[in-house]
Amino acid sequence: MNALFTQQLTVLNAGLQSFADNITRAGGEAVALSWQPPAGGDREGGMVLASLLNHPQIEAANEQAMAQYLAAQPMLVDVMRAGEAIPALDKHKRILHAGPPIAWNDMCGPVQGAILGAILYEQWADTLEQAQALIEQGEVSFEPCHHYDAVAPMAGIISRSMPLWVVENTENSQRVYSNFNEGLGKVLRFGANGDVVIERLHWMGTELAEAMKAMLAESGPIELKPIMAQALHMGDEVHNRNIAATGLLLKQLLPALLSTALPIEQIQRAIRFITANDHFFLNLSMAACKSMLKAAEGVPGSTMVTVMARNGVNFGIRLSSTGDTWFQAPANPVDGLFFPGYGVDDAAADLGDSAITETAGVGGFAMASSPAIVKFVGGTPADATQNSRSMQHVTLGSNPAFTLPALNFAPTAAGIDARKVLDSSVLPIINTGIAHKEAGVGQIGAGITTAPMSCFVDALNALARQISR
């Protein structure tokens with residue numbers, strides 16, 4: 001009996017055991033069944049899964065990647081101009097976007113609108129028509145934020161003059177970046193690019209950035225994991241609900257901000273902006289999650305997922321072991337609640353780097369901590385709790401830094417294992433905002449979506465080829 005056949009039998013036996021375990025009996029009658037075939041019935045996926053289960057190299061690699069993720073200590077250390085933090089942005093007219101790579105002509109409306117707005121903000125053009133012409137002439141290049149250790153929500157755009165949060169993992173001195181959150185309404189991250197949007201961006205890049213940098217000079221580095229952990233106990237899941245986390249951050253900001261030599265009017269404007277924006281902490285939550293997952297990158301043989309991101313067309317993932325390679329598929333639909341007057345036909349496909357929160361074990365994975373989120377994304381509090389429980393089927397373990405009161409303070413499921421996604425046919429859950437497909441209209445709803453199965457099949461195929469060499 002060869003090794004591959006043995007592994008295939010292992011998969012079959014595991015599937016049959018799972019089938020049996022998921023049948024509960026009352027009076028001898030089967031009353032519930034939740035078993036699904038591995039890889040959603042994909043034969044190729046099942047075969048590659050068989051070759052990777054219980055593989056000694058993979059088991060050791062995953063243990064290492066998970067340990068590095070858990071050990072990470074993301075700290076907010078600075079605010080920098082994007083071109084200073086990421087020198088490649090100063091060398092060319094280069095714009096970073098959320099999600100996996102995509103060409104201009106394939107981009108959705110909100111991302112195109114946001115890029116045009118960034119060109120106006122950078123004063124590379126005076127009108128939208130001139131900005132469009134620059135793109136068509138090949139004067140502007142586009143790359144994913146993740147290629148430069150950065151993240152941005154929704155149609156998230158980073159250009160060289162924008163301010164960035166700088167988050168450093170004190171365990172290894174690695175730095176990651178995120179842009180500032182603009183608030184709600186007409187904002188660049190939904191593709192709006194009018195005068196009000198550009199004026200706000202200029203204020204954020206000057207006065208607000210100066211205030212935040214001066215505040216950090218007074219306060220010193222700010223630990224982000226404790227803020228996230230406490231917010232989970234206060235009703236946030238630190239993706240689509242950040243009310244508590246923003247309040248906790250503000251509690252740390254205020255004393256330091258008031259101790260700066262800045263004019264009181266500037267301090268007041270900064271405070272008003274932050275207090276009016278319940279999502280102000282979101283971009284810091286994303287950066288903290290990126291920092292933790294970057295620590296797990298580059299472990300040969302690991303099946304741990306270190307990136308999940310969407311660009312409004314495709315969903316992409318990256319594994320610890322496969323470097324900068326993206327594994328993509330069309331983004332799955334979002335099942336959610338629409339604002340009055342809008343429906344499925346109005347929606348863009350899922351977009352943004354904010355799924356980095358779920359990749360790190362919060363967001364949709366921590367919905368049990370945030371029953372109020374269901375009024376925003378749909379479902380019931382019981383659904384939120386079940387979402388957190390179901391993610392235990394696809395992860396390498398849990399993160400004791402983040403606990404869920406509704407689950408008796410159990411730690412969040414963390415460390416998505418691409419093998420377990422195929423083995424269980426349970427897809428990672430993401431809660432997300434829904435953007436209108438046209439640039440600038442804005443958010444039209446929110447809901448729940450999942451990562452496409454084929455991303456994980458393709459990723460494991462690539463890893464299997466590495467290991468077989």
Side-chain angles (χ1 to χ4, degrees), residues 73-86 121 150-153 156 158 161-170 175-185 187-189 196-236 238-239 241-291 357:
Q73 295 297 329
M75 304 274 283
L76 174 59
V77 297
D78 204 354
V79 169
M80 298 174 70
R81 185 179 63 84
E84 180 186 3
I86 305 172
Y121 168 71
V151 284
I158 295 174
S161 299
M162 293 179 180
L164 297 184
W165 297 116
V166 181
V167 172
E168 183 174 303
N169 177 7
T170 58
R175 288 188 164 191
V176 302
Y177 313 97
S178 69
N179 56 2
F180 281 24
N181 195 286
E182 306 160 82
L184 299 176
V187 291
L188 194 74
R189 74 175 184 277
V196 171
V197 175
I198 305 304
E199 289 170 9
R200 186 192 303 115
L201 290 174
H202 280 299
W203 175 78
M204 292 170 65
T206 53
E207 188 170 285
L208 181 62
E210 181 186 20
M212 295 298 98
K213 190 175 184 72
M215 175 274 301
L216 281 168
E218 287 289 331
S219 70
I222 295 175
E223 292 184 88
L224 295 177
K225 281 171 79 170
I227 293 177
M228 296 166 70
Q230 189 173 355
L232 290 176
H233 293 178
M234 298 170 67
D236 285 357
V238 294
H239 179 177
R241 184 180 170 90
N242 285 279
I243 298 172
T246 298
L248 292 168
L249 176 68
L250 189 62
K251 186 178 177 181
Q252 295 201 36
L253 296 185
L254 280 176
L257 195 53
L258 291 169
S259 297
T260 68
L262 296 174
I264 189 62
E265 295 82 5
Q266 182 177 355
I267 293 173
Q268 289 171 338
R269 285 189 290 270
I271 292 171
R272 280 196 295 269
F273 180 78
I274 296 169
T275 56
N277 179 8
D278 289 342
H279 288 292
F280 190 76
F281 187 81
L282 168 61
N283 297 48
L284 284 169
S285 174
M286 291 170 57
C289 290
K290 175 65 179 175
S291 179
T357 56

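One is the number of the first residue; the rest follow in order along the sequence.
- Separating the CG atom in N181 from the CZ atom in R189 is a distance of 4.5 Å, to the nearest 0.5 Å.
- Applying the side chain to side chain contact (heavy atoms under 4.5 Å, CB included) test to P226 and every residue at least two apart in sequence or in another chain returns E223.
- Closest non-hydrogen pair, I158 versus A150, comes out as CD1-CB, 3.9 Å.
- Residues meeting the salt bridge (charged side-chain N to carboxylate O under 4.0 Å, His left out) test with D278, sequence neighbours left out: none.
- Judged by distance alone, with hydrogens and angles left aside, the side-chain atoms of N242 form a donor-acceptor pair with the main-chain N or O of H239 at under 3.5 Å.
- Between the side chain of N169 and the main chain of P74, no donor-acceptor pair closer than 3.5 Å is present.
- At least one donor-acceptor pair under 3.5 Å links the side chain of Y121 to the backbone N or O of S161.
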Legend entry - Check against side-chain contact (heavy atoms from CB on, under 4.5 Å), L201 and E182: CA-CA 8 Å; L201 290 174; E182 306 160 82; 3.9 Å; yes

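- When all heavy atoms of M212 and F180 are compared, the closest pair comes out as CG-CE2, 4.1 Å.
- With contacts defined as side-chain heavy-atom distances shorter than 4.5 Å, the pair T246/N277 does not qualify.
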Inset, instruction - Any chance you could lay out the side-chain contact (heavy atoms from CB on, under 4.5 Å) test for L254 and I271, step after step, and finish with the verdict? - result: CA-CA 8 Å; L254 280 176; I271 292 171; 3.3 Å; yes

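- Inter-residue side-chain proximity for L164 and N179 is flagged as met; some heavy-atom pair is nearer than 4.5 Å.
- The minimum heavy-atom distance between M204 and P163, with the atom names listed, is O-CG, 3.6 Å.
- With sequence neighbours left out, A231 forms a side chain to side chain contact (heavy atoms under 4.5 Å, CB included) with D236, V238, A244, A245, L248.
- Residues L253 and S219 have side chains not in contact (no heavy-atom distance under 4.5 Å, counting atoms from C-beta outward).
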Legend entry - Worked verdict on V167 versus Y177 for side-chain contact (heavy atoms from CB on, under 4.5 Å): CA-CA 6 Å; V167 172; Y177 313 97; over 6 Å; no

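- The nearest pair of heavy atoms linking A209 to G205 is CB-O, 3.8 Å.
- Residues passing the side chain to side chain contact (heavy atoms under 4.5 Å, CB included) test with T206: none are found, sequence neighbours excluded.
- Annotation: the span from S291 atom OG to Q73 atom CD amounts to 9.0 Å, rounded to 0.5 Å.
- Annotation: side chain to side chain contact (heavy atoms under 4.5 Å, CB included) contacts of T260 (sequence neighbours excluded): A214, E218, L262, I267.
- Not a single donor-acceptor pair under 3.5 Å links the side chain of T357 to the backbone N or O of M286.
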Legend entry - Chi angles and distances behind the side-chain contact (heavy atoms from CB on, under 4.5 Å) call for L249, I227: CA-CA 7 Å; L249 176 68; I227 293 177; 4.3 Å; yes

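- Nearest heavy-atom pair, L282 versus P153, reported as atom, atom and distance to 0.1 Å: CD2-CB, 4.2 Å.
- Taking CG of D78 as the start and CD of E84 as the end, the distance is 7.5 Å to the nearest 0.5 Å.
- Shortest non-hydrogen contact noted between A211 and Q266 is N-NE2, 4.0 Å.
- By the 4.5 Å heavy-atom criterion applied to side chains, F281 and L224 are counted as neighbours.
- Judged by distance alone, with hydrogens and angles left aside, the side-chain atoms of T275 form a donor-acceptor pair with the main-chain N or O of R272 at under 3.5 Å.
- When the salt bridge (charged side-chain N to carboxylate O under 4.0 Å, His left out) test is applied to R175, the partners found at least two apart in sequence or on another chain are E168.
- With rounding to the nearest 0.5 angstrom, the NZ atom of K213 is 11.5 Å from the CZ atom of R81.
- Counting only distance, with no hydrogens or angles, the side chain of S178 and the backbone of A287 share no donor-acceptor pair below 3.5 Å.
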